[in-house]
Amino acid sequence: MSILSILCSALLVTLIHSAWAIPSSLSPPKRDGTCAQIRLFKEWRDMEKAHQLGYIAAVQCLMRLPPQDTSRPDPKSRYQEFQATHVYLTERVHSVGHFLPWHRHLGTLYANALRDECGYQGPIAFWDWTRDADNINTPLANSPIFDPVYGFGGDGVPGTYTLPPGATGVNGLPAETKGCIQDGPFKDARSNLGPGKLVTEHCIVRGITERWRHSVATAAVDIVLQSRNYEELRLQMDSFVNGPIHGGGHGIVGGEMLNVYSAGADPLFYLHHANLDRVWWKWQEEDRDSRLYDISGPTVQNGTDQIQLSFELDFPALGPNVTVLEVMDASAFPGCFTYDY
Ligand SMILES: *[C@@H]1O[C@H](CO)[C@@H](O)[C@H](O)[C@H]1NC(C)=O
Ligand SMILES: *[C@@H]1O[C@H](CO)[C@@H](O)[C@H](O)[C@H]1NC(C)=O
Ligand SMILES: [Cu+2]
C-alpha cells in the first residue's frame, strides 16, 4: 500500500464527535498568560548527551504515568493519552486550515508534560531530517536519531509483528513495515492504540525506508519556504498528495509513523512534527509583518467556511482550548518557545 493511499484515506472518513470532558485536574484556560521563560527547541544531534538521555527518560516517564482522563478507557498511560487525542481528532485536524496551529500546540502540551510531569529541564528536541536526507552516501537508518543509546532505537525487525485482524484501510500499515523495534530505550514500549483506530496492544512498529528521502531533503524544504502566503504553505505541508515534507518524514520512519491516526505511538512523531513547525516558524519569521498572523483554509475537511484567528482548537485530556490566534506567535504564551537554528 502506498503512502498516498494510507494517508489520503484520512480524508475519506467522516468527522469524529468529541464529547469527553476536560479532567478537573487540568487548570482552567489562562488566556492572558505570560511566558516565565522562552524555551529552546534544539536539533537532536546538537543536544548535549545528558539532555538526550534526560529527554528519553522523560518520555519513558510519560509512558509510565497513568492517564489523567479516566473517562477514556483505551489510553493506558499519559503518553498514550497524547496519542489517543490525535487518533480521536485526526479528521478534524488534518487537511484543514488549523493543521499547523493544532499540531504546534500539541507539541507545546507535550513539551510541558515532559517538563511539568516528568521533570525534564533541557531543550525540547526536533529532528531536522534534511541533515540525514542531504547526506546521500549514508543510509537513513544510520542517522543518530536511531541510535540505541543516544537516540530512539533503530529499525523494525522482520517477523516480530503481525497485523491484527481487520487492519486494512485506515487501520493498515504500509507494505514496507518491517516489525517491532528491538533495540534502544523504547524496545519494550507498548501502545494500546492503533494501528489506525484499532485498539490493540503492540510494540512500536517501524520500517525505515529510503523511498521518501528526496521528499525530506533541503530542496524540498526550500520549495515550501518559497510559499507566498499561508494558503500556499498549508497546501504544501498539509497535503499528502502535493506536500513532500510532512508525509516524507512519516514515510522514512515507516511502520506506525505512516498511519495518520496512530503515528503518535512512536516518540519520533513529536520530533518530526516539531521540525515541520520549525519550517512554518522560519517562514513566519522571514516576514513577520505579513506572515505572523496569516491563516486560511477550511474549518472542516472540504468545507467552505474559512478559518478565522478566533477559531477554537481543542485538546481533550491534554489541556484547555486555545484559539488559533494564541498559537500563531510561537514565542508568546502559551507556546513560549523558539528554535535553535
Ligand atoms: C474531500 O474531497 C476529496 C477530493 O474530492 C474526497 O476524496 C474526500 O472524500 C473528501 N473528504 C471528505 C471528508 O468529505
Ligand atoms: C473547545 O473547542 C471545541 C471545538 O471547537 C468546542 O466544541 C468546545 O465547546 C470548546 N470547549 C470549551 C470549554 O470552550
Ligand atoms: Cu497529525
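Just so you know, ligand 1 is whichever comes first in the structure, and atom 1 is the first atom listed for that ligand. In this chain, residues are counted from 1 in sequence order. Bear in mind the structure is a predicted one, so any value in this text is a computation, not a measurement. The analysis underlying the following values was restricted to heavy atoms, covering all of them including side chains, and did not include hydrogens, waters or symmetry mates.
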Q.
Against F315, only a single residue in Y88, W102, Y110 fulfils ring-ring contact (aromatic ring centres under 6.0 Å, His included); can you say which?
A. W102
Q: Run through the protein N/O/S atoms less than 2.8 Å from the Cu ion (ligand 3) and write them out by chain and number.
A: H86 NE2, H94 NE2, H103 NE2
Q: Measure up the F337 and Y339 rings against each other and bin them: parallel (under 30°), tilted (30 to 60°), perpendicular (over 60°).
A: perpendicular
Q.
Could you work out, with side-chain hydrogen bond (donor to acceptor under 3.5 Å, both in side chains) as the rule, every residue matching W280, not counting sequence neighbours?
A. none
Q.
Closer than 4.0 angstrom, basic N to acidic O: yes or no for E210 and R213?
A. yes
Q: Determine whether L271 and L109 fall in the same hydrophobic cluster, where Ile, Leu, Val, Met, Phe, Trp and Tyr are linked whenever their side-chain heavy atoms lie under 4.5 Å apart.
A: yes
Q. In terms of hydrophobic clustering (I, L, V, M, F, W, Y; side-chain heavy atoms under 4.5 Å; direct or indirect links), are L292 and V324 co-clustered?
A. yes
Q) Can you tell which of D314, N321, L313 gets a heavy atom nearest to atom 8 (C) of ligand 2? A) N321
Q) In terms of hydrophobic clustering (I, L, V, M, F, W, Y; side-chain heavy atoms under 4.5 Å; direct or indirect links), are L325 and W281 co-clustered? A) yes
Q) If you measure every N/O of R92 against every N/O of ligand 2, is any gap under 3.5 Å? A) no
